[in-house]
Amino acid sequence: MKKIYSFIICLSMILSFATTLKANANCTCTNTEKGVIITSGSAEKELSPDTVEVSIAIYTTDNKSMIKATNTNKEIAGKIYTELKNMINPAQNDTIKTVGFNASSLYTYTNGKKNFDKYQVSNNIVVKTKSIDKVGKIIDKAIQLGATNVNSVNFSLSTLDKQKNDLLTTATKNAKIQADTIAKALGSYTTGVKYISTNYSNTTTTRNYAMLAKSTMNDAAEGSTTPIEAGTLKVKVTVNAEFYIK
């Protein structure tokens, strides 16, 4: 019985080996790649921003009453909101909104002792508009009506994604052209992509206008508009790729 079992196992191994040999005999090798070419393509563009976002803060204080500090803040914020709303255009997706409201008690410390100082209320309003030419007037109007801080003025481009995709296409083509040129010089040609990665960067124009209220009020009193320059937006895309060649 043991001899029969051993014979069956040996027969199975022989048949399996024969099948493998037949498969290898019928195989035609088509893997003739010579190697890989690594290239990098880039594209960049300098654009003019078409949108500006202004962050305006209103701080009010009172030594005796939180309610009084709050009511004063609401009154100032209401006037600013109404006036600035009339200076923007909702049809072009301009917006104005409150993004933060805070009421707190402030203290001073003398010889390690905590002493109540005053109540403070803050309100932040953000105006987003495509009327970049009006940003100076928007700031001036807010300060004239009682705003105490202009926290930031940020410029951006509403078509940034489209611009990025266009540059991505150009950078990818540049990488492929380089690979084809190198392969041709070697008497070869590209057959496909092994690996590809992208890198995107943009330099936006951002200026900090914190604590601008005092100087802006002086300018407004002299009848001049706060000068705000949008500058430019530089967008760059880089594509790193590895191409198979034959």
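Excluded from the calculations below are hydrogen atoms, water molecules and symmetry mates; all remaining heavy atoms, backbone and side chain alike, are included. Each residue takes its place number in the sequence, starting with 1.
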Working to the nearest 0.5 Å, report the span between [atom1] of [X] and [atom2] of [Y].
X	Y	atom1	atom2	answer
I96	M87	CD1	CE	10.0 Å
Q144	I139	CD	CD1	12.0 Å
T238	E44	OG1	CD	8.5 Å
S104	K118	OG	NZ	10.5 Å
F243	K194	CZ	NZ	13.0 Å
I37	T181	CD1	OG1	9.5 Å

List the steps, then state whether salt bridge (Lys or Arg N to Asp or Glu O under 4.0 Å) holds for D180 with K184.
CA-CA 6 Å; D180 289 338; K184 185 177 180 181; over 6 Å; no

For the residue pair K164 and Y200, would you count it as a cation-pi contact if the rule is NZ or CZ under 6.0 angstrom from the ring centre and within 45 degrees of the ring axis?
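Checked: cation-pi criterion met.
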
Does the structure place the NZ or CZ of K114 under 6.0 Å from the centre of the six-membered ring of Y109, at an angle of no more than 45° from the ring's axis?
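No, K114 does not sit over the ring of Y109.
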
Is there side-chain contact between [X] and [Y], with heavy atoms separated by less than 4.5 Å?
X	Y	answer
V52	T129	yes
L47	T232	no
T190	K176	yes
I196	V239	yes

Nearest non-hydrogen partners of [X] and [Y], listed with the distance:
X	Y	result
F116	Y107	CA-CD2, 3.4 Å
L145	E83	CD1-CG, 3.4 Å
V36	I245	N-CG1, 4.3 Å
N123	A77	ND2-CB, 3.5 Å
G231	P49	O-CD, 3.4 Å
L167	A43	O-CB, 3.6 Å

Between K162 and D166 (salt bridge meaning N to carboxylate O under 4.0 Å), is one present in this structure?
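Result for this pair is yes, salt bridge flagged.
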
Sidechain N-carboxylate O distance under 4.0 Å for K79, E75:
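Looking at K79 and E75, the cut-off is met.
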
Are any side-chain N or O atoms of [X] and backbone N or O atoms of [Y], one a donor and one an acceptor, separated by less than 3.5 Å?
X	Y	result
D62	K64	yes
T61	Q120	no
D50	S158	yes
N124	V99	no
T39	A175	yes
N73	I58	yes
Q178	S40	yes
T148	Y59	yes
D94	N89	yes
S131	D133	no

With side chain to side chain contact (heavy atoms under 4.5 Å, CB included) as the criterion, how do V193 and E242 come out once you've worked through the C-alpha distance, each side chain's angles and the decisive distance to 0.1 Å?
CA-CA 6 Å; V193 179; E242 296 182 17; over 6 Å; no

Given the rule that I, L, V, M, F, W and Y join up when any side-chain heavy atoms are under 4.5 Å apart, are [X] and [Y] in one cluster?
X	Y	result
I38	Y244	yes
M66	F101	yes
L160	L168	yes
V153	V126	no

From CA spacing to verdict: side chain to side chain contact (heavy atoms under 4.5 Å, CB included), V235, L233:
CA-CA 6 Å; V235 184; L233 175 64; 4.1 Å; yes

Crowding at CD1, I67 (>12 non-hydrogen neighbours, <6.0 Å):
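No, because the 6.0 Å sphere around CD1 of I67 holds 12 heavy atoms or fewer from other groups.
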
Hey, mind stepping through D161 and T159 against side chain to side chain contact (heavy atoms under 4.5 Å, CB included) and telling me if it holds?
CA-CA 6 Å; D161 287 341; T159 60; over 6 Å; no

Side chain to side chain contact (heavy atoms under 4.5 Å, CB included) evaluation trace for L84 with I56
CA-CA 11 Å; L84 298 190; I56 299 167; 3.8 Å; yes

